Amino acid sequence: MENIVFPQGFLWGAATAAFQVEGATDVDGRTDSIWDEFCRQPGKVVGGDCGEPAADHYRRFEQDVAMMADLGLKAYRFSIAWPRVRPDGGKVNQAGLDFYKRLVDSLLAHDIAPWPTLYHWDLPQKLEEVGGWANRDTAFRFADYAAATVEALGDRVSTWTTMNEPWCSAFLGYAGGIHAPGRTEPEAAVAAVHHLLLAHGLATDTIRSAQPDAKVGITLNMYPIIPVNPDDPGDIDVARRLDGLQQRIFLDPLLRGEYPADIVEDLEPFGFSAHVKPGDLDIISAPLDMLGVNYYTEHYVSSTPDGDAGPSPWVGVQHASFPPRDAPITDMGWEVRPDGLTTVLLRVHNDYPRLPLYITENGAAFRDDFSGTGAIDDVDRTGFIASHLRAAHTAIEAGVDLRGYFCWSLLDNFEWAEGYAKRFGIVHVDYDTQIRTPKMSARWYSRVAKDNALVAVS
Ligand code: FCB
């Protein structure tokens, strides 16, 4: 096997998110998030699944942290639940903060760096009832929540991520309707884009004022968006437009202090620029210490109508399609395209002011063969991670300042609209007994982390 060694100090971790793993949705003062409410609506989540029991991480975090330490992981990316810290978006709830103090203390005791994300999609339902992310005021409520969290944890946490994948929150949640809050209002989605970014900027300022030496970043989901027919002007324009909606509408204001002009024009019929007030872009473009990149696959897009595909998450574009190609696919139906990871890393490196990059999510759902007694030899997942680490290393060799990798996910968990049927964990969770079983991928990844190098899959 090739000798692929990562730079010294490369950070090896694993990721989860509060609603996907914690369970315990009605304890210690937590109130509903938009996902609790979404799950109650018939037909929204496969199997009628909800945030219970998830991986019962709220009660079993000590065991999970010890397991991470055994695996040799050096960082844990988790998210903090806004509805625990400020239930209903209102007063600070000490019991909610205390849970995260215990979690962080346990991580530090095991020499694992805590990497909290403040927002991984669990907006308090009460804030949704007054407009959610379509309401500018939500950005200010987010900054209040960030302030309370940093005040409580700033002495223990040195690296903060404001948000995870605002694209999903805005477009899947408010235009496509397939994520909470399940709205299909393109005008609300474009308002949400700006308010999520404003919330990020306000929270960044809040964190820096409270904790001047903190490192602050944001995580975006990135995909190469490629026209199916590179000679077809319709396909080329759809690719431009979707790349703009997926990537540039976030990267440009964050890293250049401006929205991309072509996308602002595309979104004018939906009232986008009316939401952008004087001074907002200065807040949004506050310098960052790192950018998190989540990578899963590539998108091939065409202007050919898909038939009646339902409400489109792509505001103003009804007919983008993602035709299957000749590539292996995961249990999510996503193509395995490791080269796309090199592409997105190089794109940020080449097109934007340089800053340290971290892969904050990468991984795959596959059907695991688990009899309940034996080991899980998840060769596909192991191979997926190995091929993407190779692609990440290629980017490093090309000069990209990539500093770490977090596999998604540490544990099997609640995969949003797909419920518990899709398993992304490197550790298997039996949802009846809550028994954890590290899969082959976990054992292999552990060796990679300990060696700081790719090792043969065995
Ligand atoms: C990402 C999400 C994460 C997980 C993976 C599979 O978009 O951030 O919570 O669901 O996809």
Side-chain angles (χ1 to χ4, degrees), residues 13-23 33-35 38-39 44-47 49-51 54-55 57 76-82 115-123 161-176 178-180 196 200 217-223 225 245-247 250 291-299 313 322 329-337 340-341 344 358-368 378 380-381 384-385 388 405-427 429 441:
T16 64
F19 193 74
Q20 295 181 274
V21 296
E22 285 179 358
S33 73
I34 50 176
W35 271 95
F38 189 71
C39 292
K44 296 292 188 190
V45 175
V46 172
D49 290 341
C50 67
H57 186 59
Y76 178 41
R77 176 177 181 255
F78 59 98
S79 81
I80 294 178
W82 187 348
W115 268 60
T117 297
L118 289 171
Y119 188 68
H120 201 127
W121 307 353
D122 43 3
L123 180 71
T161 298
T162 55
M163 305 210 154
N164 177 70
E165 302 187 357
W167 182 86
C168 294
S169 296
F171 292 110
L172 297 181
Y174 287 84
I178 59 171
H179 275 192
L196 283 154
H200 154 82
I218 185 169
T219 277
L220 303 178
N221 45 329
M222 298 192 60
Y223 314 86
I225 297 191
L245 286 173
Q246 171 78 59
Q247 253 93 220
F250 298 104
L291 179 72
V293 173
N294 290 355
Y295 179 77
Y296 289 95
T297 190
E298 293 179 340
H299 287 331
F322 310 114
I329 55 168
T330 70
D331 198 26
M332 296 294 281
W334 298 344
E335 292 185 354
V336 179
R337 289 278 166 191
L341 176 57
V344 296
Y358 290 83
I359 296 167
T360 38
E361 285 182 28
N362 175 244
F366 286 109
R367 277 167 203 262
D368 295 321
D378 56 340
D380 287 344
R381 186 176 292 99
F384 182 100
I385 298 174
H388 286 74
Y405 177 94
F406 293 78
C407 74
W408 183 271
S409 174
L410 176 69
L411 301 167
D412 286 337
N413 62 53
F414 174 80
E415 177 45 35
W416 308 114
E418 302 289 340
Y420 294 100
K422 306 292 185 214
R423 291 179 177 271
F424 275 89
I426 57 172
V427 173
V429 175
S441 53

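Keep in mind that what you see is a predicted model, and the values were worked out from it rather than measured. In each ligand, atom 1 is the first atom listed, and ligand 1 is the first ligand listed.
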Are the side chain of Thr117 and the backbone N or O of Met163 linked by a donor-acceptor pair below 3.5 Å?
no

Heavy atom under 4.0 Å from ligand 1: found in Asn164's side chain, backbone, both, or neither?
side chain

Side-chain donor-acceptor pair present, Thr219, Thr360, cut-off under 3.5 Å:
yes

Would one find an N or O of Trp334, backbone or side chain, under 3.5 Å from an N or O of ligand 1?
no

Do Asp378 and Ser441 meet the criterion of a side-chain donor-acceptor pair at a distance under 3.5 Å?
yes

Between Asn294 and Asn362, is there a side-chain heavy-atom distance shorter than 4.5 Å?
no

Geometry only, no angles: is Trp121 polar-contacting ligand 1 at N/O separations under 3.5 Å?
no

Under the criterion side chain to side chain contact (heavy atoms under 4.5 Å, CB included), which of Arg423, His57, Gln20 is the partner of Leu411?
His57

Is the Trp115 to Tyr358 ring centre distance short of 6.0 Å?
yes

Less than 6.0 Å separating the ring centroids of Phe19 and His179?
no

Shortest reach to atom 11 (O) of ligand 1 by a heavy atom, considering only Phe414, Phe424, Tyr296, Trp408
Tyr296

For Trp416, take its heavy atoms, then give the atoms of ligand 1 lying under 4.0 Å from any of them.
3 (C), 4 (C), 9 (O), 10 (O)

Give the atoms of ligand 1, by number and element, whose distance to some non-hydrogen atom of Glu165 is under 4.0 Å.
1 (C), 2 (C), 7 (O), 8 (O)

Compute the shortest N/O to N/O distance between Glu361 and ligand 1 and return yes if it is under 3.5 Å, no if not.
yes

Part of Glu415 within contact of ligand 1 (heavy atoms, under 4.0 Å):
side chain

Within 4.0 Å of some non-hydrogen atom of His120, the atoms of ligand 1 are 2 (C), 3 (C), 8 (O), 9 (O)

